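Since the structure is predicted, the reported quantities are computational estimates derived from the model, not experimental observations. Letters A, B, ... are given to chains in the order of the sequence lines, protein chains preceding strands, and every chain is numbered from 1. Because only heavy atoms are used, hydrogens play no part in the values below, and waters and symmetry mates are left out as well, while side chains stay in.
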Amino acid sequence: MADLTFVRHEMVPEQAPPATSVGPRGWLRENLFSSPLNAILTLLSLGLIWWVLSHALPWIVLSSWTASSLGECREQIAAAHGEGTTGACWAVIRERYLQLLFGFYPSDLYWRPLLAFGLALLALAPVLFTALPRRLLWLSAAAPFVVPWLLWGGSVWVPVCVALGFGLGLAALRVVSAAAGGLAGVIAAGVVPVLWWLFLAWVAAGLLQAILPFGITPVESRAFGGFMLSITIGLVAITLSLPIGIVLALGRQSNLLIIKAICVGFIEFIRGVPLITLLFVASLLLNYFMPPGTNFDIILRVIIMVTLFASAYMAEVIRGGLAALPRGQYEAADALGLDYWKAQRLIVMPQALKISIPGIVSTFIGVFKDTTLVSIIGLLDPLGFSNSIRANAEWNGVVWELYGFIAALFFVFCFSMSRYSMYLERKLRTENR
Amino acid sequence: MTTLTDPPKDSFRLGMLIYDTRYRALTIQVVALFAFMLLAAWLINNTVQNLASLGKPIDFGFLSTAAQYDINQTLIAYDNQDSHLRASAVGLLNTLLVAVMGCALATVVGVLVGILRLSRNWLVARIMTVYVELFRNVPVLLWIVFAMAILIESLPAPRDFRGEDAPAAMLFGDSVALTNRGFYVPEPLFARTLGDLPVFGAFDISLDFLAILAVLGAGLFASGLIRTRADRIQNATGIRPTTWYLRLGVVLLPLIALLVALGFHLGYPELRGFNFQGGIHMRNSLIALWLALSFYTAAFIAEAVRGGILAISKGQTEAAAALGLRPGRIMSLVILPQAMRVIIPPLISQYLNLTKNSSLAIAVGYMDITGTLGGITMNQTGRELECVLLLMLIYLVISLLISAVMNWYNTRVKLVER
């Protein structure tokens, strides 16, 4: 009887996968045509993309860069590409881009805001990217004084004297705590700089300027405008809102009932009203709240209100981070014998801030976008200029080019911020996944 | 041998206020309260002094004087002889109108985009990502004025609808006209109307709409009863009776009967003279604000929805599949109830944001509460302090109400969790 048992003695050679499941074809089947519904969706999407591109690309390319009015622009396009062609009129951007970027800032001084924002970026760099040399942090400390000086100009001694206040505070802390104990030192460190700024700093700055005059052309706030104004307001509000937000969040989590009540009241009030009402306060009411006769700069007032607004949102984001931290971390810090501030600085905050990074950055983005609201109270940010350009007889009727340009400016900034936050999240993700 | 004795009780010394942790908390709080009150007193004192020197003490009497300005889009009757208070009420209703419309559209678009962004279709997911990034990273105010500019510049004027071969045509069988003066849509009319119900003599509510709402509510309630009964039968016997036609009928039939009884028909807009007459006129400002706010907020809602669905671990889907549930049931019975708990809080805070952002209506001239009370009323009467305070108060109340709903929901789903 024949032996019917079949035993394979050699491996069957590995076969290539079917052509429909590898390579471009496989990818297409897998990702675009996996089911009838998906195929329909893909075709619809392709149709949409074609529709958008077929309208947008000719419009962008068949354009005019040289006209001086919308009517002339349309004539040029009709002459060059045939009657009935619609093309973009980039001439409006070419004519007005400096205004949209710098407002009425004197054109020979454009280097100053550019340098200031460059410095601010450079100062942020060591904070943002830990790989950079630590020595750059000195620049970060100097930037808050140098950047406003470059923007507004004036005597160099004003920022120097303001910075001196911090030095005096530090000196007072050292001297007094050595002489009269820690608490007196802390009080002195708080009181001395305030007295200095309120009464002596301006006198000292004036004196120094008289002895050793050195300054750059002052520029009034009225000249600020365009995208530069957005960046100025956004940068200051973002920088200040983080520390204020941290303090408010700690206050809200605190056991001290009155402090907690004050912080909760502040945060909920600010978060409950739209930013535009706070800007109304800045433009109409803030002078009422100050001693009679005070009249300070509208941009400064706006910055104050936007900062308060941003701080309240920041506080809520950081509170989320604090709440997400396991109870054990606080208890461990207590068990180590750390006092409140040391526990916050060494144990709690590093972890809480790490958890809240996405929220912090999206608050930053939100604040930066919200700076456009200043156009409603009459400041000339890019949107404020767009209104005046569209009201202009030459450019009446221009829509896409103008708003497209402004939108692109904001998009570049906000999108890169959100990408940075993703990078940071990845970098700080230390736990195992 | 040692004995434990209580530490000697110190008599209270002043230094203990600072150095003894038992008293330090108290000291800090008293100092903070004192500083806070000092600050508040300083601000109030300044304000009173400033107002006194300007000769306008705080006075809300202006609210009852005639407003003397027109509002082009009103939900309740209003003319320019009505008081500032009524103008503010019209504005508040307009705010609520655009907020409700915006929340509805933003939710629909946002949920759709959020789900499609998770689609396995590569192209669809990419397009949705582009949409979300584009709308999230550009200021909402820009979208609003942009939408307004597009509506004004690119839609046809009413006169373009005239003539035999008119350059523009109405949509949906001559019922909807999109013009650069706004959208004209059919309005519901009742041949045998029940009339209006005056409320406190302040405004009228159409009894027809109240009747429709009542019948709809009763129908939904009855439908709920049928469902409960079906649940009970299923729990007792294991077989669920087919009820969908009953539930549909109990909602729809009385409604249709009522509409027929009231003589319901649509009033279409018609081109008469230089403009459209009849129908409901939605102004450009409302449309632009509505669309821009909705699509902007939808991008954020999409992210919340996506995050919520991703937060449910894949094991849940697999476990449900292992129990033999169909994909639709997996979604409705297992994934969604859990995802909702993650999605709803950010969703509600987006509603809140939308409502607050609706104050940007002032940029396109839509007369919401910011446009009436914080705009024309404030400029006409010169009562900045009172107007801004009232404005803040109103928004604060709206926000707190929405937050209260959110907290209520949070506690409710927490109970379900346990």
Side-chain angles (χ1 to χ4, degrees), chain A residues 27 30-32 34 38 41-42 44-46 48-49 183 255-259 262 268-269 271-278 280-281 284-285 287-292 294 365 368-373 375-376 382-383 386-387 390 397 399-400 402-403 406-407 410-415 417-418, chain B residues 18-19 25 28-30 32-33 36 42-44 46-47 49-51 53-54 116 119-124 126-127 133-134 136-143 145-146 149-150 152-154 352 355-360 362-363 370 374 378 384-385 387-388 391-392 395-400 403:
Chain A
W27 185 87
E30 178 76 15
N31 291 301
L32 298 180
S34 57
N38 255 343
L41 280 177
T42 304
L44 280 178
S45 308
L46 283 176
L48 178 75
I49 294 174
L183 190 79
N255 297 324
L256 309 177
L257 202 64
I258 294 176
I259 297 205
I262 294 174
E268 291 303 324
F269 171 72
R271 277 164 42 92
V273 300
L275 177 57
I276 188 69
T277 59
L278 294 176
F280 281 155
V281 170
L284 302 167
L285 299 184
N287 276 339
Y288 285 161
F289 298 148
M290 293 293 131
T294 326
I365 296 177
F368 188 60
K369 284 187 297 181
D370 282 344
T371 57
T372 49
L373 266 62
S375 64
I376 292 179
L383 277 186
S386 78
N387 290 337
R390 291 190 59 228
V399 180
W400 290 88
L402 197 55
Y403 289 122
I406 301 171
F410 276 99
F411 183 84
V412 167
F413 270 74
C414 299
F415 189 68
M417 272 199 265
S418 76
Chain B
I18 293 167
Y19 294 112
I28 294 175
Q29 295 194 62
V30 169
L33 185 66
F36 176 73
W42 185 68
L43 291 176
I44 292 172
N46 285 335
T47 311
Q49 275 188 17
N50 281 318
L51 288 177
S53 68
L54 285 173
L116 282 183
S119 159
R120 276 169 48 215
N121 188 318
W122 184 86
L123 205 55
V124 170
R126 285 303 168 285
I127 289 179
E133 294 295 349
L134 194 62
R136 275 203 313 178
N137 288 315
V138 172
V140 61
L141 184 58
L142 183 75
W143 286 121
V145 289
F146 193 18
I150 292 175
I152 291 179
E153 302 288 349
S154 64
L352 188 55
T355 310
K356 286 190 290 177
N357 280 338
S358 73
S359 60
L360 298 178
I362 198 169
T370 315
M378 182 163 77
E384 302 98 356
L385 189 68
C387 285
V388 173
L391 196 59
M392 284 183 155
Y395 278 111
L396 209 53
V397 168
I398 297 177
S399 305
L400 290 179
S403 305

Can you tell which part of [X] gets under 4.5 Å to a heavy atom of chain B, answering side chain, backbone, both or neither?
{"X": "L44(A)", "answer": "neither"}
{"X": "L32(A)", "answer": "both"}
{"X": "T371(A)", "answer": "neither"}
{"X": "L256(A)", "answer": "both"}
{"X": "L41(A)", "answer": "both"}

Output the distance between atom [atom1] ([X]) and atom [atom2] ([Y]), rounded to the nearest 0.5 Å.
{"X": "L141(B)", "Y": "K369(A)", "atom1": "CG", "atom2": "NZ", "value": "12.0 Å"}
{"X": "L383(A)", "Y": "L142(B)", "atom1": "CG", "atom2": "CG", "value": "5.0 Å"}
{"X": "L46(A)", "Y": "L123(B)", "atom1": "CG", "atom2": "CG", "value": "5.5 Å"}

If you tally heavy-atom pairs under 4.5 Å against chain A, which of [options] wins?
{"options": "E384(B), R126(B), M378(B)", "value": "E384(B)"}
{"options": "V397(B), L391(B), I362(B), V145(B)", "value": "V145(B)"}
{"options": "L396(B), I127(B), N46(B)", "value": "N46(B)"}
{"options": "A149(B), G374(B), S399(B)", "value": "A149(B)"}
{"options": "I398(B), V138(B), N121(B)", "value": "N121(B)"}
{"options": "L134(B), L116(B), V30(B), I44(B)", "value": "L134(B)"}

Exercise for the section: Give the minimum heavy-atom separation between A363(B) and I376(A), together with the two atoms involved. Expected result: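 In this case the closest contact between A363(B) and I376(A) is CB-CD1, 4.3 Å.
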Handout entry: For Q29(B) against L257(A), the heavy-atom pair lying closest together
Key =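 Closest approach of Q29(B) to L257(A), heavy atoms only: OE1-N, 3.0 Å.
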Exercise for the section: Identify, with sequence neighbours excluded, every residue that meets ring pair (Phe, Tyr, Trp, His ring centres under 6.0 Å) alongside W122(B). Expected result: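 Per chain and number, W122(B) pairs via ring pair (Phe, Tyr, Trp, His ring centres under 6.0 Å) with W27(A).
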Find out whether [X] and [Y] are in side-chain contact, i.e. whether some heavy atom of one side chain is under 4.5 Å from a heavy atom of the other.
{"X": "T277(A)", "Y": "S359(B)", "answer": "no"}
{"X": "T47(B)", "Y": "F289(A)", "answer": "yes"}
{"X": "N287(A)", "Y": "N50(B)", "answer": "no"}
{"X": "R136(B)", "Y": "F411(A)", "answer": "no"}
{"X": "F36(B)", "Y": "I258(A)", "answer": "no"}

Using a 4.5 angstrom heavy-atom cutoff, name the option from [options] with the most pairs to chain B.
{"options": "F415(A), F368(A), F280(A)", "result": "F415(A)"}
{"options": "F413(A), F410(A), Y403(A)", "result": "Y403(A)"}
{"options": "L278(A), I262(A), L275(A), V412(A)", "result": "I262(A)"}

Interface moiety of [X] toward chain A, non-hydrogen atoms closer than 4.5 Å:
{"X": "V124(B)", "value": "both"}
{"X": "I152(B)", "value": "neither"}
{"X": "L43(B)", "value": "both"}
{"X": "L51(B)", "value": "side chain"}

Exercise for the section: Look at the side chain of K356(B) and the backbone N and O of I276(A), then say whether any donor-acceptor pair between them is shorter than 3.5 Å. Expected result: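 No, the answer is negative, given that no donor and acceptor are paired below the 3.5 Å cut-off.
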Exercise for the section: Count the heavy atoms belonging to other residues, nucleotides or ligands that lie under 6.0 Å from CZ of R120(B), then report whether that count exceeds 12. Expected result: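 Open: at most 12 neighbouring heavy atoms sit under 6.0 Å from CZ of R120(B).
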